[in-house]
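What follows is a single structure, written as structure tokens, with notes after it.
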2 protein chains.
Amino acid sequence: MDRVDKILAQWRKERPDLDTEAMGIMGRLNRLTTHLAREVEQVLQRHGLSSSAFDVLATLRRSGAPYRLSPGDLLSMTMVSSGTMTNRIDQLEKAGLVERVLNPDDRRSVLIALTEVGLVAVEGAAGAHVANQQRLMQAFSAEEKAELDTLLRKFLATFE
Amino acid sequence: MDRVDKILAQWRKERPDLDTEAMGIMGRLNRLTTHLAREVEQVLQRHGLSSSAFDVLATLRRSGAPYRLSPGDLLSMTMVSSGTMTNRIDQLEKAGLVERVLNPDDRRSVLIALTEVGLVAVEGAAGAHVANQQRLMQAFSAEEKAELDTLLRKFLATFE
DNA sequence: ATCATTTATCTTGACGTCAAGATACACGAT
DNA sequence: ATCGTGTATCTTGACGTCAAGATAAATGAT
């Protein structure tokens with residue numbers, strides 16, 4: 001009888017006509033991801049990064065040397081609007097973690113490049129972040145993780 | 001090979017030392033809940049409500065007649081800060097969907113009451129919202145939904 | 001009865017996000 | 001070469017959120 005069960009019990013009493021199965025799953029998903037996001041944020045904060053900042057830096061890092069992508073590339077990899085991406089790049093540039101370099105091939109666009117400082121920051125944060133993600137899933141056996149991944153993959157396929 | 005697989009493949013190439021299993025599950029969770037939140041928002045918008053507004057109205061509705069709770073009660077049921085709850089109540093009050101009534105037993109506190117208009121709004125939205133949640137899970141069999149619920153319940157128990 | 005502590009709510013200022021539109025350049029057809 | 005359309009990025013204004021602190025009333029110890 002967790003918090004979501006209590007919510008569902010209230011609905012069943014007040015609106016017995018509503019089917020609560022999907023509601024329960026989505027409620028657990030929402031609460032879970034809120035908790036997870038807070039845990040992730042805490043660890044990244046110790047490395048001086050927000051999860052938004054890490055999102056961009058990690059995208060650049062995993063793209064491989066020379067760690068440069070256009071804002072458009074970053075946009076297509078990160079589920080945020082163009083205005084949000086501009087803002088993220090502005091903040092990272094102010095902090096000296098990335099720099100905008102001119103794209104000689106297309107003057108409409110720029111390339112966002114990890115600076116030396118940015119590279120060091122993301123390398124350090126990435127290790128701690130991945131370890132933290134593993135810690136957050138300690139409760140699960142290898143089989144359970146595989147099952148969960150399979151179900152989430154199928155669910156996500158509805159949208160992507 | 002979905003988008004998350006592509007991200008993991010990049011990491012394995014660049015940082016083969018990192019274990020990507022937990023990262024993959026969390027990545028799918030994040031992308032999935034972003035998509036789900038957008039779908040939910042769209043349906044509620046057609047009923048003139050944001051998901052934040054619906055969250056409060058639904059909490060009042062399922063608490064049963066006379067549909068009144070203190071801000072503190074709402075706070076304990078909804079995973080937001082006190083400042084956020086004050087702001088939500090302010091907006092709902094401006095829209096005429098709730099009203100603040102004095103609590104005769106404790107002058108520090110008020111009670112947030114659904115208005116007649118608020119009750120009608122939440123009743124209409126709730127049906128559409130639940131139907132939408134079911135639609136979003138169409139891809140799953142009854143067994144898969146049960147499995148997913150079991151796994152999410154266990155995961156959530158880590159935090160609550 | 002008084003006062004310190006606790007409780008309940010609200011205020012403030014900062015941040016991240018989005019949608020919509022603005023700006024500037026590239027590219028293809030003529 | 002020029003023009004119209006498409007593309008890439010940035011700007012603006014509004015909204016929702018949070019942490020930290022302010023305000024006001026209840027409560028309990030003396």
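Naming convention: chains lettered A, B, ... in sequence-line order (proteins, then strands); numbering from 1 in each chain.
Between B:Arg88 atom CZ and D:dC18 atom C1' the separation is 12 Å, expressed in whole Å. In this structure, A:Glu41 atom CD and C:dC15 atom C1' are separated by 11 Å, rounded to whole Å. If you take CG of B:Leu102 and P of C:dA8, they are 17 Å apart, rounded to a whole angstrom. Distance A:Gln91 CD to D:dC10 P: 13 Å, rounded to the nearest Å. Between A:Leu75 atom CG and C:dG16 atom C1' the separation is 15 Å, expressed in whole Å. Atom-to-atom, CG of A:Asn87 to C1' of C:dA20 comes out at 16 Å; the value is rounded to the nearest Å. As a whole-Å value, the separation of A:Gln45 CD from D:dC18 P is 15 Å. Following rounding to the nearest Å, B:Ile112 (CD1) and C:dC10 (C1') show an atom-to-atom distance of 11 Å.
OP1 or OP2 of D:dC18 has at least one side-chain nitrogen or oxygen of A:Arg38 nearer than 4.0 Å. Applying the 4.0 Å criterion to OP1 and OP2 of C:dT9, one finds that B:Arg107 has every side-chain N and O outside that range. Side-chain nitrogen and oxygen atoms of A:Thr86 include at least one within less than 4.0 Å of the OP1 or OP2 phosphate oxygen of D:dC10. The side chain of B:Thr84 contributes an N or O atom lying less than 4.0 Å from OP1 or OP2 of D:dC18. Distances shown here put a side-chain N or O of B:Ser81 below 4.0 Å from the OP1 or OP2 atom of D:dC18.
Looking at heavy-atom distances under 4.0 Å, A:Gly83 makes contact with a base.
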Verdict with reasoning, A:His35 to A:Glu39, per side chain to side chain donor-acceptor pair (under 3.5 Å): CA-CA 6 Å; A:His35 288 297; A:Glu39 296 283 336; over 6 Å; no

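The 5' end of DNA chain D is approached more closely, in terms of each residue's nearest nucleotide, by A:Arg108 than by the other of A:Arg108 and A:Ile89. Between A:Ser82 and A:Asp106, the one whose closest nucleotide on DNA chain C sits nearer the 5' end is A:Ser82. In terms of position on DNA chain D, the residue among B:Ser52 and A:Met85 whose nearest nucleotide sits closer to the 5' end is A:Met85.
Sparse packing is recorded around CD of A:Gln45, with 12 or fewer heavy atoms of other residues, nucleotides or ligands lying under 6.0 Å away. Taking a 6.0 Å sphere around CZ of A:Arg100, one finds it holds more than 12 heavy atoms contributed by other residues, nucleotides or ligands.
Of the candidate nucleotides D:dG16, C:dA8, D:dA8, C:dA8 has the atom nearest to the side chain of B:Ser109. When the nucleotides D:dT9, C:dT9, D:dG16 are ranked by their closest atom to the side chain of B:Val110, C:dT9 comes out on top. In the set C:dC18, D:dT9, D:dT11, D:dT11 carries the atom at the smallest distance from any side-chain atom of A:Asp90.
A side-chain contact (heavy atoms from CB on, under 4.5 Å) with A:Ile112 is found for one member of A:Asp73, A:Leu74, A:Leu69, A:Leu92 and no other, namely A:Leu74.
Remark: the A:Glu99 side chain and the A:Thr115 side chain contain no N/O donor-acceptor pair separated by less than 3.5 Å.
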